[in-house]
Visitor: 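Provided herewith is a single structure, encoded as structure tokens, for subsequent inquiry.
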Amino acid sequence: VQLQASGGGLVQPGGSLRLSCAASGITLDYYGIGWFRQAPGKEREWVSFISSSDGRPYYTNSVKGRFTISRDFAKNTVYLLMNSLNLEDTAVYYCAADGSSHAYGSWYKDKDEYHYWGQGTQVTVSS
């Protein structure tokens with residue numbers, strides 16, 4: 001299994017980026033995909049998740065209305081479109097996948113619940 005995260009870069013405040021998470025060895029209809037980010041000196045935090053069963057999206061409060069998660073079955077890829085970026089969005093962004101059953105509904109917010117991780121892509125928001 002491989003998750004290849006890409007699309008990061010340097011962007012000015014208010015700008016946009018689209019991250020991609022290309023999956024191999026798994027299929028998106030059986031694996032939920034989460035995006036996490038980690039800023040220097042901080043814990044890795046959950047950003048967004050897309051459900052395997054119905055494609056329902058979930059977002060942490062700080063990105064609601066600005067970020068959009070989506071998936072393309074043909075490309076076996078999940079995207080994170082990030083608009084209105086601000087300085088606080090600067091971090092390494094990781095995608096993660098898990099296809100197992102979970103004991104509680106909000107499991108996708110817990111990084112320890114994911115079995116597979118991508119390598120991360122740097123997003124820097126700076127003027």
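Quick caveat: nothing in here was measured; it's all calculated off a predicted structure.
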Visitor: Quick one: list whatever passes side-chain contact (heavy atoms from CB on, under 4.5 Å) with Thr60, sequence neighbours left out.
Guide: Trp46, Ser62, Val63
Visitor: Who are the salt bridge (charged side-chain N to carboxylate O under 4.0 Å, His left out) partners of Asp89, not counting sequence neighbours?
Guide: Arg37, Arg66
Visitor: Centroid-to-centroid, Trp35 to Tyr79, below 6.0 Å?
Guide: no
Visitor: Provide the closest heavy-atom pair for Lys42 versus Gln38 in the form atom of the first, atom of the second, distance.
Guide: O-NE2, 3.1 Å
Visitor: List, one per line, each side-chain donor-acceptor pair under 3.5 Å for residues 20-30, sequence neighbours excluded.
Guide:
from, atom 1, to, atom 2, distance (Å)
Thr27, OG1, Asp29, OD1, 2.8

Visitor: Side chains of Thr121 and Val92, heavy atoms from C-beta outward: is any pair under 4.5 Å?
Guide: no
Visitor: Verify the cluster assignment for Phe36 and Ile50: are they in a single hydrophobic cluster under the rule of side-chain heavy atoms below 4.5 Å apart?
Guide: no
Visitor: If you look at every heavy atom in Ala39 and Thr90, which pair is closest and at what distance?
Guide: CB-O, 3.7 Å
Visitor: With sequence neighbours left out, which residue pairs that include part of residues 98-127 fulfil the disulfide (SG to SG under 2.5 Å) condition?
Guide: none
Visitor: Under a 4.5 Å cut-off applied to non-hydrogen side-chain atoms, are Cys95 and Val78 in contact?
Guide: no
Visitor: Taking atom types as modelled, find out whether Thr124 and Gln122 have a side-chain donor-acceptor pair closer than 3.5 angstrom.
Guide: yes
Visitor: Judged by atom type as modelled, is there a donor-acceptor pair below 3.5 Å linking the side chain of Tyr59 to the main-chain atoms of Ile69?
Guide: yes
Visitor: Filter on disulfide (SG to SG under 2.5 Å), then keep only pairs touching residues 33-94, sequence neighbours left out; what's left?
Guide: none
Visitor: Looking at every non-hydrogen atom in both residues, tell me the closest pair between Ile33 and Ala97 and how far apart they are.
Guide: CD1-CB, 3.5 Å
Visitor: Is the CD atom of Gln2 crowded by more than 12 outside heavy atoms at less than 6.0 Å?
Guide: no
Visitor: For residues 96-127, which residue pairs qualify under disulfide (SG to SG under 2.5 Å), counting only residues two or more places apart or in two chains?
Guide: none
Visitor: Among residues two or more places apart or on two chains, list those pairs meeting salt bridge (Lys or Arg N to Asp or Glu O under 4.0 Å) that have a residue in residues 46-65.
Guide: none
Visitor: Distance alone, cut at 3.5 Å: any donor-acceptor contact between the side chains of Asn83 and Ser16?
Guide: yes
Visitor: Excluding sequence neighbours, so at least two apart, what forms ring pair (Phe, Tyr, Trp, His ring centres under 6.0 Å) with Phe67?
Guide: none
Visitor: Evaluate the criterion side-chain contact (heavy atoms from CB on, under 4.5 Å) for residue pair Glu45 and Lys109; output intermediate values, then yes/no.
Guide: CA-CA 8 Å; Glu45 65 170 353; Lys109 298 181 181 181; over 6 Å; no
Visitor: Restricting to non-hydrogen atoms, name the atom on Ser52 and the atom on Gly32 that form the minimum distance, rounded to 0.1 Å.
Guide: CB-N, 3.6 Å
Visitor: Partners of Arg18 by side-chain hydrogen bond (donor to acceptor under 3.5 Å, both in side chains), sequence neighbours excluded?
Guide: none
Visitor: If two hydrophobic side chains count as joined below 4.5 Å and joins carry through other members, does Phe73 share a cluster with Phe49?
Guide: no
Visitor: Please identify each residue that fulfils side-chain contact (heavy atoms from CB on, under 4.5 Å) with Asp112, with sequence neighbours left out.
Guide: Asp110
Visitor: Do Leu87 and Val47 belong to the same hydrophobic cluster, where Ile, Leu, Val, Met, Phe, Trp and Tyr are linked whenever their side-chain heavy atoms lie under 4.5 Å apart, directly or via other members?
Guide: yes
Visitor: Anything under 30° is parallel, anything over 60° is perpendicular, the rest tilted; go ahead and classify Tyr114 against Trp107.
Guide: tilted
Visitor: Write down the atom of Pro13, the atom of Ser127, and the distance for their closest heavy-atom approach.
Guide: CD-N, 3.8 Å
Visitor: Quick one: list whatever passes side-chain contact (heavy atoms from CB on, under 4.5 Å) with Val11, sequence neighbours left out.
Guide: Leu17, Leu85, Val125
Visitor: Between Asp98 and His115 (side chain of the first, backbone of the second, donor and acceptor by atom type, cut-off under 3.5 Å), is there such a pair?
Guide: yes
Visitor: Got a second to check how far Asn76's CG is from Leu3's CG, nearest 0.5 Å?
Guide: 9.5 Å
Visitor: Applying side-chain hydrogen bond (donor to acceptor under 3.5 Å, both in side chains), can you list everything that pairs with Gln119, at least two apart in sequence or on another chain?
Guide: none
Visitor: Please find out if less than 6.0 Å separates the ring center of Tyr58 from that of Tyr108.
Guide: yes
